[in-house]
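Each residue takes its place number in the sequence, starting with 1. As the structure lists them, so they are numbered: ligands from 1, and atoms in each ligand from 1. Only this structure's heavy atoms are used, side chains among them; waters, hydrogens and symmetry mates stay out.
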Amino acid sequence: MLLTLRTTHRPATDLGYLLGKHPQRVQRFALSFGEAHVFFPEADEGACTAALLLDLDPLALVASARRRGGGPLTQYVNDRPYVASSLLSVAISRVLGSALGGRCRERPELATTPLPLEASLAALPLRDGGEALLRGLFEPLGYAVEATPTLLDPAFPGWGTSAHHRVTLRSRTTLSELLGHLYVLVPVLDDEKHYWVGDDEVDKLLAKGAGWLERHPLRATIAARYLKRQRGLARDALARLAPEDGARDENEPEEALEAPLSLNARRVDAVIEVLREAGAERVIDLGCGEGTLLRALLADRRFTHIAGMDVSPRALERAAKRLRLDGLAPRQRARLELFQGSLTYRDARLAGHDAACLIEVLEHVDEARLPAVEEVVFGGARPGLVVLTTPNREYNVRFEGLGAGERRHPDHRFEWSRAELATWAEGVAGRRGYGVRFAGIGDADPEVGPPTQMAIFEREAAS
Ligand code: SAH
C-alpha cells in the first residue's frame, strides 16, 4: 500500500520539514498491523515527493478475518495488504500525526500556507460506481481528480482491468487539510469493513472533518460509511489489535449513533440561532465538554463574553486544545474563560450572563440532583435566557443498533420523552418566573418526533 505526496512549492524540500521527516533518510515505524516506511523518491528545489509505504503483517490481519467468518481462502488471499484502506488512515495519524494536526516545529507558517500538492494512491479499490463516489467526495473540496484503472496483469493486458485504480488528487491546499481529507475519505471509499484500529473513532471523524465535513454535500454518506466500520467487525479488530483501545471505544456510542444525522452540528446551529434572536452577548456554556459550542460562539463577534464550565478537567483540557487557546490573539483570548465547576453547586462565577446553555448535559445528572441544578441555574445564575437540549427518548426506536429500552450513552441517567421534558421545564419555569417554549432539533419523525429536544426559558420581565 503506497501513498505519495508531492509538491512543486519552492523550495520543494520544505516538504521534509512539513512532514517532520528528513528527505535523505529512509525511516521505519512499527505499527500494530505491520510496518510503515517513509522515504523521498525525489527531493530537490523544484519538486519533492514523499512516500508512505505500508508493509502489512498478513497474519495479524488473518486472525481478525477469521472471526469475521470469511471463507478459508479469503482469509489468506485478499487485497488487504495492497489497497488503500482504513489502515492507511491509522498510518497517517501515527506516522504523520503532526503534519495531519497542522503542526510544524521548524516552519510553523508553512503548515498553514496553501501549497500546490498532489497525493497519489497506488491502489484504491473503486467498485461499481466507485469513480463517481471518488469524484463526489473530493471534487467539492477543490481537488482535480484523476483515476486510472490498473491492469489485472501487465503481462496480459487482455485480462482486462481490476477494480483497483491509481488515483491522483491535486489541489492548492495546506498539507494538514490534504491529510485530513485522506484520513476520512479513503476508508469511506474502501467499503470493506475491516480492521478499524484506533480509539475515539467518532471523535476523530468529527475532529478531522472540522471545517469541511459539516458543509460537504455527501456528509451523510461519509458519516454513514465511516461509522459502519465502527460497529461489530471494527470492534473485533480493535480487540485483536489494540485491546486497550477497544475498551475506550465504549465511550463514544452516542456520537456514533447520532453522527449520521449531523446532530452535533445541528444542535450548535439551533442554539446559536436562539442566542442571536435574543440578542445575547454574554453567554455561558454549562457542561461545555470539549468546546463544540464555544468554538461556534468564538467565531461570531456579537458574543462579547464567552464562558465554558464543565465538571471534567479532562474535557476542559481538550476544549482548550481544540480551541487553540494558547494560539489565540489577545483580544480573542480575552473574550473566553474556561473553568471547572459543577451544575449542582451554587457558584458566583455563573452569574452575570445574558444566556446560559445546557447542551446535552442535564441527562448526565442524577434525577435526584435536578432540584440542585434548578437552584444553581434558575436561582443563582439566573440569566435572561436558558437554552437546554436533551435527547428525545421517543426517537430512540429509530436508531438501528440501539436495543429496546437502551439509552444513547451509558452515562445518561435518564432520557426523557417530550412530555417528560415539558413537565419538568414547565414546573421550573412556573417556580422561577420564566416563560418556556419548546423546539425540536434534527429531522422530526411523524410518529416519534425529533431526535433532540430543546427547551428555551426566558426570564419574565417582572422577575
Ligand atoms: N455540551 C457539550 C458536552 C455534552 S456531554 C456538547 O454538547 O458537546 C456532557 C458534559 O456534561 C460532559 O462534558 C460532562 O463532563 C458534563 N457534566 C456532567 N455532569 C456535570 C455537572 N454536574 N456539572 C457540570 N458539567 C457536568
CD on Gln340 to CZ on Arg349, rounded to 0.5 Å: 8.0 Å
Numbering as shown, the atoms of ligand 1 that approach Ser312 to under 4.0 Å (heavy-atom distance): 15 (O)
Pair Arg267-Thr452, side-chain donor/acceptor within less than 3.5 Å: yes
Ligand 1 versus Cys357: contacting region, heavy-atom distance under 4.0 Å: neither
Those atoms of ligand 1 less than 4.0 Å from some heavy atom in Gly289: 3 (C), 13 (O)
Short N or O distance, Thr344 and ligand 1, threshold 3.5 Å exclusive: no
Polar atom proximity, Ser342 to ligand 1 (N or O, under 3.5 Å): yes
Pair Thr174, Ser176: side-chain N/O donor-acceptor within cut-off below 3.5 Å: no
Derivation and outcome, salt bridge (charged side-chain N to carboxylate O under 4.0 Å, His left out), residues Arg135 and Glu131: CA-CA 6 Å; Arg135 293 185 181 281; Glu131 187 175 339; 3.1 Å; yes
Salt bridge Glu375-Arg432, side-chain N to carboxylate O under 4.0 Å: yes
Nitrogen or oxygen atoms of Met309 and ligand 1 under 3.5 Å apart: no
Ala315, any N or O under 3.5 Å of ligand 1 N or O: no
Under 3.5 Å: N/O of Ile359 near N/O of ligand 1: yes
